[in-house]
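Just so it is clear, the values below take in all heavy atoms, side chains as well, and ignore hydrogens, waters and symmetry mates. Computed from a prediction, not measured in an experiment: that's the story for all the values here. In this chain, numbering begins with 1 at the start of the sequence shown.
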Amino acid sequence: METPVMSSVHSVALLCLIACLVFSEAQHEPGHCLFYEECGHNPSVNGSLITPIIPCVNYSKARALEGAHYQALKRVCPMLDRGEGNTFACCSLKQISSLENSLTLSKAVLIRCPSCADNFAHLHCINTCSPNQSQTVNITRTINTTVDGQVKEAVVAYQAYISTRFADASFNSCKNVRIPATGGFAIATMCGRYGAKLCTPKRWYDFQGDSSNGLAPLDIDFRLIPEGAPVPPGIVPYDGQVLRCNETTDTGGEACSCQDCVESCPPVPAPAPPAKPFMIGQLDGVLVICLVSFLALSLFFLGFLLLRSFLQGRDQDVGKGKDNNGNDIDQTIDPKDVKCTDTASLATQAFLGSLFQRWGTLMATHPFKVLLASLGVVLIFSVGLMYIELTTDPVQLWSAPNSRARKEKDFHDKYFDPFFRTNQLILTAPGRPSHSYDSLLFGKQNFSGIISKDLIIQVLELQKRIQAIEFWSDDLNRTATLKDICFAPLNPNNPSLTDCAVNSLPQYFQNSLDNLNAKVNMTELGVTQEVDWRDHFVYCVNSPLSFKDITDLGLSCMADYGGPVFPFLAVGGYENEEYTTAEALIMTFSLNNYPRGTVKFKLVEKWEQMFLDIVRKYQMDPSTNFTFAYMAERSLEDEINRTTAEDIPIFMISYAVIFVYIAVALGEYSSFKRILVDSKFLVGLGGILVVGCSVLASMGFYAWIGIPSSLVILQVVPFLVLAVGADNIFIFVLEYQRDKRRPGERREEQIGRVLGNVAPSMLLCSLSESICFFLGALSTMPAVKSFALYAALAVLMDFMLQMTAFVALLSLDSRRQDANRCELACCVTVSTLPPSKPNQGFLLPAMKHYYAPALLHPVTRVVVMFVFLFMFCASVFLMFHVTVGLDQELALPKDSYMLQYFKYLNKYFEVGVPTYFVTTRGFNFTTVEGMNAVCSSVGCDPFSLTQKIQYATEYPELSYLEIPASSWVDDFIDWLNPGSKCCRLYSFGPNKGQFCPASEPAAKCLTRCMTTPPNGVLRPNVLEFNKFLPSFLSNRPDLQCPKGGLGAYDKAVVMDESGEIIASRFMAYHTPLTTSQEFTEALREARELAANITRSMRQIPGTAPDFEVFPYTIPYVFYEQYLTIVPEGLFNISLCLLPTFVVCCILLGMDLCSGLLNLLTIVMITVDTVGVMTLWGIDYNAVSLINLVTAVGISVEFVSHLTRSFALSTLPTRVERAKEATANMGSAVFAGVAMTNLPGIVVLAFAKAQLIQIFFFRLNLVITLLGMAHGLIFLPVLLSFFGPGVNKAVPLKQQKKAQEETSGVKHIYENTYEIYENMSFDDNEYPRYTPHPPRTDSDPADPVVTITNF
């Protein structure tokens, strides 16, 4: 039975239930509010970045607005305006003010797209002020709060119902809005952990309604309702009008720009794809052409053979003037048949032979005086070594001072700070197991082994140890620390240690161990779970610009120096932005860069050295859990200098091996007892000293006149001059050894006569090489230019010293040898007499009796021609496929720690180098046209500077640009916009009318810098531009005003004293670039883009005609050379080839045939060298070009001596003359060039530097072997087919001489024309020109000389 008390309780409960039902039904009616007015702060929100003001529960009808209340609503929520007196709303004037302040945070990043900013404000205006608020909002949680002494119910959570169509359209209008300072999307800062890539409308609204992120005053559960989906009774999902981003706003705002709205973009044609390879049908076009050329040349050669055979057969059939050997027997030389060139050649050789003979006799007669004078000249030149400058800076080595990249670098460094210096570690933990983490907020996350708390703590400890580096500086007279030299973007004038830019994963925790260890229980959707560092990390890598995460930890994602740490600067080795699976941690210390020689530069180098010491010590610590790579800014130069110093002994050993070979090979060794007498140890040493003195003299001379040297010169020039000099030494000494002193001839006269025979050939080679190198100095590359200058003078000095000092040395050695005195013990004599016949050694007889006959066998000759033709055509094909460039790893030794760093960099780094688009003086940024031509926000030119860069980033595989350019113009305009709190003026006080930062209370700064224009396109006038730009550049960004320019742009704009902008820059990012080819193409594309921008901006009225936009980043200086290195290389090599032809023609008396064959062979050597470079993986670059220029010089040694010997031979047939030249001069060339170079080159294979191994060992080996093959195999065969005929001036002279003889036949060359005599062959070995005996007056014909050219 029910008691009265129970009945009373039931009655009360029933009444409450009825009341609740009535209230519940009443709260979802049109024209009614659920909350109104402000009810203080939300006590459940801690550490909010804005004031968390919450509304009071107040079910009532919407209020009609008038006066200031109406004007405020119209300003903040224009979409609710229905005219004064007809406008109803559910928000008080205070709520409108709070809403406006809250919206300023979003407008700061969205205002550049008016329709997006309106759509964003639209929903929040509906939730807060809509007259039908009760139909779209459902309160889910309230609290009691005291306001003005009264207890009121306040809303702390509600549901907001919106249609999916409205949500999707609003999101789409905002998803592409950019943040110019970072090049990223604004949506990334408004979607929490998802970032821009994974953001969706639902996630976007969830973030806006999450009070834990510090940006929402209460929790809002946005319910996105598809059309037709069921909803609670009385609820009508809001489905208002949404502006598309390419539409104007109701208040007159312009459509968003192309950069922020894809729909606004004009049709832009896609860039042309890379040129397809040249094809003929399905085959490589170059291959087809080379094959056809080979076939054509082969057919031409076969035709030549057939024609020659036919002509010879016809002559034999006729039987006119042929003996059994095919020689003419009845051919008289008519003086009219002698060409001017024949006479000139004879006169030239006679003149040169006579000149050098007299010169050699003079030098040999006064050896001590000559040596003393030579030493004096060398010493005078060498004194200049006191002033030598050794260039080690790669920029000065490989970039010409007047090159475009160098000028752009100088311009950039003049007006902007140089690129900051990077000191970096990339750490991995291979073998470390991964783990999963079930996050309350983010769901199940996979963490790699290196993303673990203990390793992060170790990284933090290492980072703090590095940051604590300090040392005493005598220049500062105090202890220097990191803050003295660090890059501090937000406090550059007086930085503290925490102002220094250090990017690393611990910076997400502000380098605080307490923050890293922080834990807190958090409730989400009714589930309570602990959140820790992992939740904060996941949030921050996806939203690095956040000042507060969405966890109850309430930590900021900003680094302790105040800037964001983008995930690609903290972790690496991830895919698809799955940052938790990263395989590497990245730690970067950025230092300011200073000019060399300054005090700060010394401090930087000292700090970096201590940084390297700490890292090396840490790496060797057995307790270290990391495998890592590291580098300092100074590392590359240090390592290059280290390996150079370590490889100097290798070069010295190489020279020593060459010296030993020369000393041994020059000896005669006719008898064991006479070894010390016949050896040429001191002559070889003298030859080496002559080479050394020529190099010293060359270096000293150029040091006198201020042309710097380099390590390349020190390594290559002695090697080159030694190759050239040794050849001349061998030719001279071997010719002297093979010669027999004539009766009554003095020793000095014999030396002079021998010199007269060989010196013209030595002059031919040395002069060709010297002129070749002097012309090579026309190169624009400093390293190539200085090398060519040093080599040219060194070769010239070497020849001069050989003609003086070495002749004197040989004269002294001949005295000693004639006196049978031992070389190393001059007082000791031997009794064994020298052989009566000159010693020909081993090589000459072998080549004369075996090699030359075998090579010039009819079958062998044809085979050789076909083989070398095929080699040449194949090399032409390969030449078109040689790789152009020089990867910086090759400049390092194989044991360098930098190789590991480059490997890690290419593997783990996810973004390329930054590049600046720099503007020069002459563009007026202060005009509306000027700003529109640069910016990319609303109202800007769709083909502006930044917009064109944006277009390029849409094709990163072609443009090599990945992140669009940051734009100080865009952010300056957004900063001025009154919709944000950035630019305000003090309303009173001593600073009235001056700039007021956003950190100041609103009451102090009631005036905006500018007013909103009717069309929403804000542009300052000239006065406003010049007044507020400095304030913008010095304004430190913060939550209230993220558009402040300090740090991002304070160094990006340079103004002169009048306020004119004389330089500015816009920073973009390349895609990851790893090879020389990618860097070169990136430079090419960036320059093409900049040229296009320049042309457009020059069309703006008032722009100077010389105004320019150019791209700049440090690597451009090194890779610019590869844009033009192919045509420049062809130009340089062509210039080197020219003197080999001209000098050969002149010194052989205008012998065009010899000159052309000489030139052809050298060209083939050069082309074949490039072909082998392709096969052996040797890239074509400036170092290769130096070696190819060297190859031309060495090829002259292999070719010219033998060509001259053939041209001056008097044997009747080309084959016989080729055999003679191959045996005589070929043996000297083989011993003097090939065998001199090869031992020294082989030693270089043991060098540590890859640069030496590849470009000096491999390439010089190729050059020497190909030179030897062409000079000793191909050239004799070529001459045997196409060589010049016998100089007819010689047999004519013989005829005239024979007529004067009174009796017998005397050899015409015995005394007068010794230059044509070959002392290595017996007179009867080959048939020579045979003058007939004098005839009587009755004889019907003149004397006859036998001559044939086949």
Open item on the list: Strictly distance-based, threshold 3.5 Å: is any side-chain N or O of T1094 a donor or acceptor partner for the main-chain N or O of A1090?
Closed with: yes
Could you give the side-chain donor-acceptor pairs of residues 1102-1114 under 3.5 Å, partners two or more places apart or in another chain?
from, atom 1, to, atom 2, distance (Å)
T1103, OG1, M1097, O, 3.1
T1103, OG1, I1100, O, 2.9
T1113, OG1, P914, O, 2.7

Open item on the list: Could you check whether E1024 pairs with K1027 (Lys NZ or Arg NE/NH1/NH2 to Asp/Glu carboxylate O, under 4.0 Å)?
Closed with: no
Task: Those residues that, when tested against Y916, pass ring pair (Phe, Tyr, Trp, His ring centres under 6.0 Å) (two or more places apart) - done: H412, F419
Task: Between K948 and N1092: side-chain donor-acceptor atoms closer than 3.5 Å - done: yes
Open item on the list: Check this for me: does any side-chain nitrogen of one of R921 and D1056 sit under 4.0 Å from a carboxylate oxygen of the other?
Closed with: yes
Task: Note: K409-D413 ion pair, threshold 4.0 Å (strictly below) - done: yes
Open item on the list: Is it the case that atom CD in E263 sees more than 12 heavy atoms from other parts of the structure closer than 6.0 Å?
Closed with: yes
Task: Ring geometry between F568 and F566 (parallel below 30°, tilted from 30 to 60°, perpendicular above 60°) - done: parallel
Open item on the list: Check this for me, if you would: do D974 and K1043 make a salt bridge, where the nitrogen-to-carboxylate-oxygen distance has to be below 4.0 angstrom?
Closed with: yes
Task: Polar contact flag, side-chain donor to acceptor under 3.5 angstrom, D941-Q947 - done: no
- [ ] Check whether any side-chain N or O of N1035 sits under 3.5 Å from a backbone N or O of G1045 as a donor-acceptor pair, and report yes or no.
- [x] no
Open item on the list: Do the side chains of K483 and D499 get close enough for a salt bridge, i.e. N-O under 4.0 angstrom?
Closed with: no
Open item on the list: For a quick check under 3.5 Å, do T588 and Q424 share a side-chain donor-acceptor pair by atom type?
Closed with: yes
Open item on the list: I'd like to know if the side chain of T915 pairs up with that of Y1069 as donor and acceptor (distance under 3.5 Å, no hydrogens or angles considered).
Closed with: no
Open item on the list: Just to verify, which of V1022, L1023, L1029 counts as forming a side chain to side chain contact (heavy atoms under 4.5 Å, CB included) with N1026?
Closed with: V1022
Open item on the list: Quick one: does any side-chain atom of N491 pair with a main-chain N or O of N494 as donor and acceptor, under 3.5 Å?
Closed with: yes
TODO: Would you check if there is a donor-acceptor pair between the side chains of H1070 and E1078 at a distance under 3.5 Å?
DONE: no
Task: Residue pair E408, R404: steps toward the salt bridge (Lys or Arg N to Asp or Glu O under 4.0 Å) verdict - done: CA-CA 6 Å; E408 291 169 351; R404 177 177 171 182; 2.7 Å; yes
Open item on the list: For the CZ atom on R244, are there more than 12 heavy atoms of other groups (residues, nucleotides or ligands in this structure) within a distance under 6.0 Å?
Closed with: no
Open item on the list: Could you check whether K981 pairs with E100 (Lys NZ or Arg NE/NH1/NH2 to Asp/Glu carboxylate O, under 4.0 Å)?
Closed with: no
Task: Stacked cation flag R1065 on F917, 6.0 angstrom / 45 deg - done: no
Open item on the list: Going by the rule salt bridge (Lys or Arg N to Asp or Glu O under 4.0 Å), which residues pair with E929 if we only count those two or more places apart in sequence or in a different chain?
Closed with: none
